[in-house]
Protein chains: 2
Amino acid sequence: MVETITQSIQDYLKHIYELNENGGTASTNDIAARLNIAPASVTGMLQKLASSNPPLVVYKKHQGVTLTKSGEKAALEVIRHHRLLETFLVNTLGYSWDEVHREADRLEHVISEDFEARMAEALGHPTRDPHGELIPTADLVMPTDESCPLASLRTDETATVKRVSDDDPALLRHLREIGVIPEVKLTVKNYSEFDGNLTIKVSGQKSNVVLGRTITNQIFVEK
Amino acid sequence: MVETITQSIQDYLKHIYELNENGGTASTNDIAARLNIAPASVTGMLQKLASSNPPLVVYKKHQGVTLTKSGEKAALEVIRHHRLLETFLVNTLGYSWDEVHREADRLEHVISEDFEARMAEALGHPTRDPHGELIPTADLVMPTDESCPLASLRTDETATVKRVSDDDPALLRHLREIGVIPEVKLTVKNYSEFDGNLTIKVSGQKSNVVLGRTITNQIFVEK
DNA sequence: CTTGTAATTTAGTCTAACCTAAATATATTT
DNA sequence: AAATATATTTAGGTTAGACTAAATTACAAG
Ligand SMILES: [Mn+2]
Ligand SMILES: [Mn+2]
Ligand SMILES: [Mn+2]
Ligand SMILES: [Mn+2]
């Protein structure tokens, strides 16, 4: 009696997965904010996901949710679709990295497993999408991510950009302009105690850039 | 007050377009059969499409529907998506021609106009899909089709295959095997008065094949 | 430990798109 | 022209997934 995983449910699971990655449990409000849906509607859906067979989330009133094993598999399936699609759109159809997210957000729900496999094959089984985000494997295992926010670095530390947040096209265009893309090396020239600004030397760029917390929290690096 | 054209409506319009191409008006039952939906539900939808703003179909009780100009544009938009997608799946992802229809039937509703344009560009603005069906132009005009059913040919007539019906994967695999694909030449060696069977010599194939009415009505040729 | 605020849940509605069963209109035979 | 068969419509109902407004619970600060 495995109920159907609709497109809507897929989006819930995907966002719960991402919230779980950071904060532990995903709160009703956070899910609502991400999905642009009223919190009351989210509560209804969480109850449904928790009492489906098999349950997709673990839910206790007022305590948010975590994914069950089944829920996680379903989430990783969608995330794999999303990230392979983004890679495919960039490599095969010449999209730029700030344009792919919205397109992938719709396509992720309708491609077949065959389509997924053919993309992976055509792309040479990539492990990261154009924003550097890790692509779950075909058997739905998420590789471990070693990166930390650029915001956590201090003066004189050097690191390699691994991934950047993909949901703000304007930010992505800006990052491309200042050369902050995956696998690029950078050095922190200065840290400001007061506002948290970082002055950064990006490898291959002439002039330094100063980046605020909002941005440096969306860039992930490995030292 | 242009109401939203949902995925469901897109499918109605697409099938009404194709029914209009043959029979003039599309009947409730024919639409129902094509969409696998109860006739009563189709009536409800037709009433809605007729009274939307702008109206998408012309509907008078018990007399079936035809598309309005707006309805036709919306239909051609979906059909263009569908046929470009089929071409793209074959050319870029190595699908065989019997596998593409189902995939395209889902994707056609979710790709952006940008995706459409990029596909067309990448494919060199094709005019026919893998089954030989004509692709509406970017400004949504359907090229005129000069072909007639193979079933209408008689002994000693020669013609070029232009397109074949795309919705039965088993038939498509069979046609590929006997060499009946677009742009291939063939000659009618015999016509049977009784069952309508045609004996065909397909260019490039060793032995003749005998094809029944069900098949020869789904193959379209130009003399 | 009380009180105010923020988060969450409940209750009641709405819409799109389907369904079945019954009623009615049209078409085909006799 | 009537009788029958087929096609279509009407009526009433269901489900998924959203909404708003009101009620409740949890949490933080005094
Ligand atoms: Mn993305
Ligand atoms: Mn999505
Ligand atoms: Mn097709
Ligand atoms: Mn479709």
Side-chain angles (χ1 to χ4, degrees), chain A residues 1-16 19-20 22-53 55-66 71 74 78 105-106 108-110, chain B residues 1-16 19-20 22-53 55-66 71 74 78 105-106 108-110:
Chain A
M1 207 178 277
V2 179
E3 286 93 353
T4 355
I5 295 184
T6 62
Q7 297 197 8
S8 177
I9 292 178
Q10 288 180 357
D11 274 337
Y12 274 91
L13 296 176
K14 184 175 76 162
H15 284 103
I16 293 169
L19 287 166
N20 282 173
N22 316 329
T25 70
S27 76
T28 303
N29 259 10
D30 287 352
I31 299 168
R34 281 200 173 226
L35 294 173
N36 250 291
I37 280 174
S41 310
V42 173
T43 301
M45 181 59 95
L46 295 184
Q47 290 166 343
K48 192 171 125 185
L49 297 181
S51 58
S52 86
N53 189 335
L56 298 169
V57 303
V58 177
Y59 170 71
K60 284 184 101 176
K61 274 189 194 178
H62 297 97
Q63 292 180 209
V65 288
T66 45
V78 185
D105 249 355
R106 280 174 283 109
E108 65 191 4
H109 309 290
V110 304
Chain B
M1 206 178 276
V2 180
E3 286 95 352
T4 357
I5 295 184
T6 62
Q7 296 198 8
S8 176
I9 291 177
Q10 288 179 359
D11 274 336
Y12 274 91
L13 296 176
K14 184 176 75 163
H15 284 104
I16 293 169
L19 287 167
N20 282 172
N22 315 330
T25 70
S27 77
T28 303
N29 259 12
D30 286 352
I31 299 168
R34 282 202 174 224
L35 294 172
N36 249 292
I37 281 174
S41 311
V42 172
T43 300
M45 181 60 95
L46 294 184
Q47 290 166 343
K48 193 170 123 184
L49 297 180
S51 59
S52 86
N53 189 332
L56 298 170
V57 302
V58 178
Y59 169 70
K60 285 183 101 175
K61 273 188 195 180
H62 297 99
Q63 293 182 208
V65 288
T66 45
V78 186
D105 249 355
R106 281 176 282 108
E108 65 190 5
H109 309 290
V110 304

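Chain letters run A, B, ... following the sequence lines, proteins first and then strands; every chain starts at 1.
Between the side chain of A:Gln10 and the main chain of A:Ala74, no donor-acceptor pair closer than 3.5 Å is present.
Within the nucleic acid shown, B:Thr43 comes within 4.0 Å of at least one base atom, counting heavy atoms only. Nucleic acid contact for A:Thr28: sugar-phosphate only, since backbone atoms but no base atoms lie under 4.0 Å from a heavy atom of the residue.
For the pair A:Tyr12 and D:dA18, the criterion of a side-chain N or O lying under 4.0 Å from OP1 or OP2 is met. OP1 or OP2 of C:dA16 has not a single side-chain nitrogen or oxygen of B:Ser8 nearer than 4.0 Å. Look at B:Gln63 and you won't find any side-chain N or O under 4.0 angstrom from OP1 or OP2 of C:dA25. Using a 4.0 Å cut-off, no side-chain N or O of B:Lys61 falls inside it from OP1 or OP2 of C:dT24. Between B:Ser41 and the phosphate of C:dA17, there is no side-chain N or O to OP1/OP2 separation shorter than 4.0 Å. An OP1 or OP2 oxygen of D:dT8 is reached within less than 4.0 angstrom by a side-chain nitrogen or oxygen of B:Asn29. Using a 4.0 Å cut-off, some side-chain N or O of A:Tyr59 falls inside it from OP1 or OP2 of C:dT9.
Look at CD on B:Gln7: it is 15 Å from C1' on D:dA16, rounded to the nearest Å. Atoms CD1 (B:Ile31) and P (C:dC18) sit 13 Å apart, rounded to a whole Å. Atom CG of A:Asn36 is separated from atom C1' of D:dC19 by 14 Å (rounded to the nearest Å). When the C1' atom of C:dA7 is taken as reference, atom CD1 of A:Ile37 falls 18 Å away, rounded to whole Å. Atom NZ of A:Lys60 and atom P of C:dT8 are 16 Å apart (whole Å). Atom-to-atom, CE of A:Met45 to P of D:dT15 comes out at 16 Å; the value is rounded to the nearest Å. Going from atom CD of A:Gln47 over to atom P of D:dA16 covers 14 Å, rounded to whole Å. As rounded to whole Å, 13 Å separates atom P of C:dA17 from atom CG of B:Leu46.
Under the side-chain contact (heavy atoms from CB on, under 4.5 Å) test applied with A:Tyr12, the options A:Leu56, A:Thr6, A:Ile37 reduce to a single match, A:Ile37.
By the 4.0 Å N-to-carboxylate-O rule, A:Lys48 lies too far from A:Glu3 to be salt-bridged with it.
A heavy-atom distance below 4.5 Å is found between the side chains of A:Gln7 and A:Val110.
The listed nucleotides are D:dA21, C:dA16, D:dT9; the one nearest the side chain of B:His62 is D:dT9.
To the nearest 0.5 Å, the span separating OG on B:Ser52 from CD1 on B:Ile9 amounts to 7.0 Å.
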